[in-house]
Engineer: 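The structure's right below; bear with me while I get my questions together.
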Protein chains: 2
Amino acid sequence: MLINQLAKECQIPIGTIRFYEKSGLITGSRKADVTTNNYIYYDEESIDKIRFIQMAKAVGFTLAEIKEVIDAWYLRSISKAAQLDVLDKKLVQIDEKIAELKAMKQQIAICKQNIIERD
Amino acid sequence: MLINQLAKECQIPIGTIRFYEKSGLITGSRKADVTTNNYIYYDEESIDKIRFIQMAKAVGFTLAEIKEVIDAWYLRSISKAAQLDVLDKKLVQIDEKIAELKAMKQQIAICKQNIIERD
DNA sequence: TTAAACTATATAGTATACTGTATACTTTTA
DNA sequence: TAAAAGTATACAGTATACTATATAGTTTAA
């Protein structure tokens, strides 16, 4: 699929896709049998990656942190142990974020009570 | 307490505190009985606010979003209904983020399995 | 077949959230 | 009491993550 369709599929601007590709987060490829242009084609993997990026960004991970995970995910050049290490560390961070969100819920619930109870 | 102590209390650079104050997230005050300088004093409320800011930032909220909550929290000039509205919307967003984090955990767990199982 | 739409590359500009520097004054400490 | 440390203000600079613009070539549709 070409960049335009990938953008529609993921509901994300084309410029952002180009930016992610330049940042090494996703990778499209030229088709050997197409010689008249140098259009870049993307596959399902790119969709998966972009969806993951969106999710991770929404919970406060930076693109640098996200790239670490994506590399552990897809780069077979990295050793098994190193891959698992990155993923385990990310799981810890995720649990920390869940804990923080739960703490925020608590705080906001108490704040709501204060507002309701005051005259 | 002066800015230096607030910074130590919250483990945050003085410059960041000044930036937060200029952004309207926290508010210190001069002391009427101190006439030789114009030092700004901060109270426990500033600590609470900065701790909240740190937590909210860690899970991807912007300072603008955080300011909304802090205003709903502390500004009595806003109507009760409006305050509760802001807080309820934030609770929804928090639940969405928790859901995204849980989905990420799932994905990473599956990825780990794939890495472990492949030879 | 030509105008509209799509693609690539390069470069500049923007928004958010700081971070650093310069200047000037005040307080603390050796 | 003088040097070191702390404080305020203003403004410039930086990092991250886009977003826009210009240019040039390619493909598609009327």
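Chain letters run A, B, ... following the sequence lines, proteins first, then strands; residues in each count from 1.
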Engineer: Is the phosphate of dT27(C) approached by Thr36(B) (side-chain N or O, under 4.0 Å from OP1 or OP2)?
Structural biologist: yes

Engineer: Under 4.0 Å: is that the gap between some side-chain N or O of Lys57(B) and OP1 or OP2 of dC18(C)?
Structural biologist: yes

Engineer: For the residue pair Lys49(B) and Tyr74(B), would you count it as a cation-pi contact if the rule is NZ or CZ under 6.0 angstrom from the ring centre and within 45 degrees of the ring axis?
Structural biologist: yes

Engineer: Please report the distance, rounded to the nearest Å, between CD1 in Ile40(B) and P in dT26(C).
Structural biologist: 15 Å

Engineer: On DNA chain D, check which nucleotide each of Asn37(A) and Gly15(A) is closest to and give me the residue with the more 5' one.
Structural biologist: Gly15(A)

Engineer: Taking for each residue the nucleotide of DNA chain D bearing the nearest heavy atom, is the 5' side occupied by Lys22(B) or by Asn4(B)?
Structural biologist: Asn4(B)

Engineer: What closest approach, in Å, do Ala103(A) and Met55(B) show between heavy atoms, and which atom pair accounts for it?
Structural biologist: CB-SD, 4.0 Å

Engineer: Just how far, in rounded Å, is P of dT7(C) from CD1 of Ile3(A)?
Structural biologist: 7 Å

Engineer: In whole Å, what is the span from the CZ atom of Arg18(A) to the P atom of dT7(C)?
Structural biologist: 8 Å

Engineer: Side chain of Leu63(B), heavy atoms from C-beta onward: which of dA17(C), dT26(C), dT7(C) has the nearest atom to it?
Structural biologist: dA17(C)

Engineer: Taking heavy atoms of chain B and a 4.0 Å limit, find me the 5'-most and 3'-most nucleotide of DNA chain D within that range.
Structural biologist: dG6(D) to dT9(D)

Engineer: Pick base, sugar-phosphate or nothing for Thr62(A), based on heavy-atom distances below 4.0 Å to the nucleic acid.
Structural biologist: sugar-phosphate

Engineer: Decide yes or no for Arg30(A) and Tyr39(A): does some side-chain heavy atom of the first lie under 4.5 Å from some side-chain heavy atom of the second?
Structural biologist: no

Engineer: Tell me whether the guanidinium CZ or amine NZ of Lys97(A) lies under 6.0 angstrom from the six-membered ring centre of Phe61(A) and within 45° of its axis.
Structural biologist: yes

Engineer: Can you tell me if Thr16(B) touches the phosphate of dA17(C), counting only side-chain N or O atoms and a distance under 4.0 Å to OP1 or OP2?
Structural biologist: no

Engineer: Applying salt bridge (Lys or Arg N to Asp or Glu O under 4.0 Å) as the test, list every pair that has at least one member in residues 11-23 of chain A; sequence neighbours left out.
Structural biologist: none

Engineer: If you define the side chain from C-beta out and look only at heavy atoms, does anything of Ser29(B) sit under 4.5 Å from Ile40(B)?
Structural biologist: no

Engineer: How would you label the contact of Tyr20(A) with the nucleic acid (heavy atoms, under 4.0 Å): base, sugar-phosphate, or nothing?
Structural biologist: sugar-phosphate

Engineer: Using atom CD1 of Ile17(A) as one end and atom P of dC6(C) as the other, report the distance to the nearest whole Å.
Structural biologist: 14 Å

Engineer: If you pin Phe61(B) and Val34(B) to their nearest nucleotides in DNA chain C, which one's is more 5'?
Structural biologist: Phe61(B)

Engineer: Could you give the side-chain donor-acceptor pairs of residues 81-93 of chain A under 3.5 Å, partners two or more places apart or in another chain?
Structural biologist:
unit_1   : atom_1 : unit_2    : atom_2 : d
Gln83(A) : OE1    : Arg118(B) : NH2    : 3.0
Gln83(A) : NE2    : Ala72(A)  : O      : 2.5
Gln83(A) : NE2    : Leu75(A)  : O      : 3.4
Asp85(A) : OD2    : Lys89(A)  : NZ     : 3.0
Asp88(A) : OD1    : Lys112(B) : NZ     : 2.6
Lys90(A) : NZ     : Glu68(A)  : OE1    : 3.4

